[in-house]
Amino acid sequence: MEATYGCGARHTQVILLFLSVLLAYGMRVNMSVGIVAMTDKNTSPNPDVLTFEWDDQSIILTSFFIGYVIPQVIAGHLAKNFGAKIFITVTSIVGSLMAVLIPVVAPLGSWAVIVCRVIQGLAQGFLYPCIHNLLSKWVPPLERARLGTFVYAGGPLGTVVSMPFTGWISGTHLGWPYAFYIYGGAGLLWTVLWMVLGKNSPADYKAMNPTEKEYIELSLGAIPAERLPSKTPWAAFFKSLPVWALIFAHSGQSWGFSTLITNIPTYMADILHFDIKSNGVLSAGPYLLNWIVTISSGALIDYVISKKYLSVGVARKVANSVGLCIPAITLVTLGLISGPDTDIRNVALALLFVSVGANGSVLCGYHVNHMDLSPVYAGTLMGITNSVANFCGTVAPLLVHFIVTEPGNPMQWAIVFYISSAVYVIGSVVFVVFGSGEIQAWNNG
């Protein structure tokens, strides 16, 4: 059956999920710029905006990931058994309320902010496994790269919006607290929209065009609920080399990306010496390029698969290699040119743009590969790989805390970049060797 063109019910779901990722990433990364304003009394012209003398900024930045890693595996399992909609609803409510609370509790001490960020991370830990579960039910295979990457492109675009917005508002009379208030409020408004329009699957959408529903279900080979496997094949997951390839690729990506997304504003301020407003704009610039690469690569990969120029597996490996190896090369270069007596501002900016921009290609590489391997357990697999990956994403920024003991020392930052490059390459190589684009035998139990 040919695809249904135009804006159908599946596109409505995809747009809603895109907005959820955009807002979630906005709440996740605004602390990266906000922490600079929260600890610099000269940021806002308003003397009533509180600032703090905290020496545990790296812990604050990492605390989100401490919570984020905890629910991943169980989130995908729960979404499969009970439907993802309710968990995404709770995720949005809790994450948004924590954003609003951060300015309220900050005067109590950094520990209070850390608690809010851990809870916020805990809530958002349900998001990706649940989204993968929904995409595996809503998106036909030949639209998987472009619609799946469109949803997850909300991440880089959310970063593009959040970083300069936080930098800008922190430098106004309102000050940094309003960056958190506004994002929290927007998240709560999105929740209302999701509760009205969001659906667990085409089967739950009674008003949906029957032609579109038939197209989706036939293309996915939808399995009726009564025929779904009763037991999750956990042992088969961990005996599967393609699953391990996913784990390595996801972990390599998470290590490098979390190092950059968490620390670019600090690097911009301490090494490249940009003020808070320029910092926010320039920190977000690479993620605009990342978003463009994400959208364009998703369309390209779907095209080459539909035309049978490349198999699904090869197409995923090519996209993934571009997304991991180019950043590895640029970060090594950035480390090599760093030095105490060299002005690398312009070159460093260019390399950071290329590194973060090219990384967008991974979203049509390993990031949608869970659905290739197992439409039934896509959310559970995302929970497994995201759990391990975000443990790496938690360790990586913490490592910066121990390596960069002199914030203005470019040679210490170079060590950070070398380590991230090595992890990127390892993830890419393992995925190329052991990855697959075929549905696995254990998909049906």
Side-chain angles (χ1 to χ4, degrees), residues 1-18 20 76-89 128-152 194-233 298-299 301-303 305-308 311-313 315-316 364 367-383 436-445:
M1 179 178 291
E2 294 185 358
T4 301
Y5 296 98
C7 187
R10 68 190 185 281
H11 300 101
T12 300
Q13 302 303 305
V14 162
I15 291 169
L16 285 169
L17 294 175
F18 162 79
S20 74
H77 190 63
L78 290 173
K80 172 184 171 294
N81 290 329
F82 301 105
K85 179 178 178 177
I86 182 62
F87 296 106
I88 290 181
T89 302
Y128 271 22
C130 289
I131 287 178
H132 244 49
N133 176 275
L134 292 172
L135 290 177
S136 70
K137 296 175 180 177
W138 276 102
V139 177
L142 292 181
E143 301 177 19
R144 190 167 286 160
R146 63 181 180 274
L147 293 186
T149 55
F150 175 78
V151 169
Y152 290 115
W194 171 250
M195 291 173 69
V196 174
L197 298 176
K199 304 294 180 183
N200 280 317
S201 69
D204 290 344
Y205 204 152
K206 305 305 180 186
M208 184 177 173
N209 184 309
T211 302
E212 183 187 15
K213 180 182 291 188
E214 183 182 9
Y215 162 61
I216 293 172
E217 293 181 342
L218 286 178
S219 64
L220 289 172
I223 302 173
E226 63 272 12
R227 288 174 50 202
L228 285 171
S230 58
K231 294 183 179 180
T232 301
I301 291 299
D302 269 350
Y303 176 78
I305 292 173
S306 66
K307 294 296 184 181
K308 302 188 185 302
S311 68
V312 173
R316 298 280 184 255
C364 54
H367 209 276
V368 294
N369 190 232
H370 310 72
M371 291 178 274
D372 299 326
L373 301 182
S374 176
V376 172
Y377 296 107
T380 305
L381 290 178
M382 171 57 82
S436 172
E438 304 298 323
I439 293 180
Q440 301 298 293
W442 38 261
N443 178 64
N444 294 326

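None of the values given here were measured: they were computed from a predicted structure.
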Query raised in the report: Looking at residues at least two apart in the chain, or sitting in another chain, which of them share a side-chain contact (heavy atoms from CB on, under 4.5 Å) with Ser306?
Result: Leu142

Query raised in the report: Are the side chain of Gln13 and the backbone of Trp138 linked by a donor-acceptor contact shorter than 3.5 Å?
Result: no

Query raised in the report: Nearest heavy-atom pair of His11 and Leu147: which atoms, and what distance?
Result: CD2-CD2, 4.2 Å

Query raised in the report: Taking the side chain as C-beta and beyond, is there a heavy-atom pair between Glu212 and Tyr205 under 4.5 Å?
Result: no

Query raised in the report: With no hydrogens and no angle check, is any side-chain donor or acceptor of Gln440 less than 3.5 Å from a backbone partner on Glu438?
Result: yes

Query raised in the report: Closest approach of Asn200 and Ala84, non-hydrogen atoms and distance?
Result: OD1-N, 2.9 Å

Report task. Check whether any side-chain heavy atom of Asp372 lies under 4.5 Å from a side-chain heavy atom of Arg144, and answer yes or no. Result -> yes

Query - Validation row: Leu17, Ile88 side chains within 4.5 angstrom (heavy atoms) - result: yes

Query raised in the report: For Ile439 and Leu373, what are the C-alpha separation, side-chain angles and deciding distance, and is it a side chain to side chain contact (heavy atoms under 4.5 Å, CB included)?
Result: CA-CA 4 Å; Ile439 293 180; Leu373 301 182; over 6 Å; no

Query - Interatomic spacing from OH in Tyr377 to NE2 in His77 - rounded to 0.5 Å - result: 9.0 Å

Report summary line: Value for OG (Ser201) from CE (Met208), rounded to nearest 0.5 Å, stands at 9.0 Å

Query raised in the report: Can you say whether the rings of His367 and His132 are parallel (under 30°), tilted (30 to 60°) or perpendicular (over 60°)?
Result: perpendicular

**Report entry** Nearest-0.5 Å distance, SG of residue Cys130 to NZ of residue Lys80
**Finding:** 13.5 Å

Report summary line: Sorted by chain and number, sequence neighbours left out, ring-ring contact (aromatic ring centres under 6.0 Å, His included) with Phe18 holds for Phe150

Report task. Report the distance from atom OG1 of Thr380 to atom CG of Asn81, rounding to the nearest 0.5 Å. Result -> 7.5 Å

Query raised in the report: Step by step, would you call Leu134 with Lys85 a side chain to side chain contact (heavy atoms under 4.5 Å, CB included)?
Result: CA-CA 8 Å; Leu134 292 172; Lys85 179 178 178 177; 5.9 Å; no

Query raised in the report: What's the verdict on side chain to side chain contact (heavy atoms under 4.5 Å, CB included) for Arg316 and Ile305, showing C-alpha distance, side-chain angles and the deciding distance?
Result: CA-CA 10 Å; Arg316 298 280 184 255; Ile305 292 173; 3.8 Å; yes

Query - Criterion side chain to side chain contact (heavy atoms under 4.5 Å, CB included) on Glu143 and Arg10, from CA distance to verdict - result: CA-CA 11 Å; Glu143 301 177 19; Arg10 68 190 185 281; 3.0 Å; yes

Query raised in the report: For the side chain of Asn133 and the backbone of Gly76, is there at least one donor-acceptor N/O pair under 3.5 Å apart?
Result: no

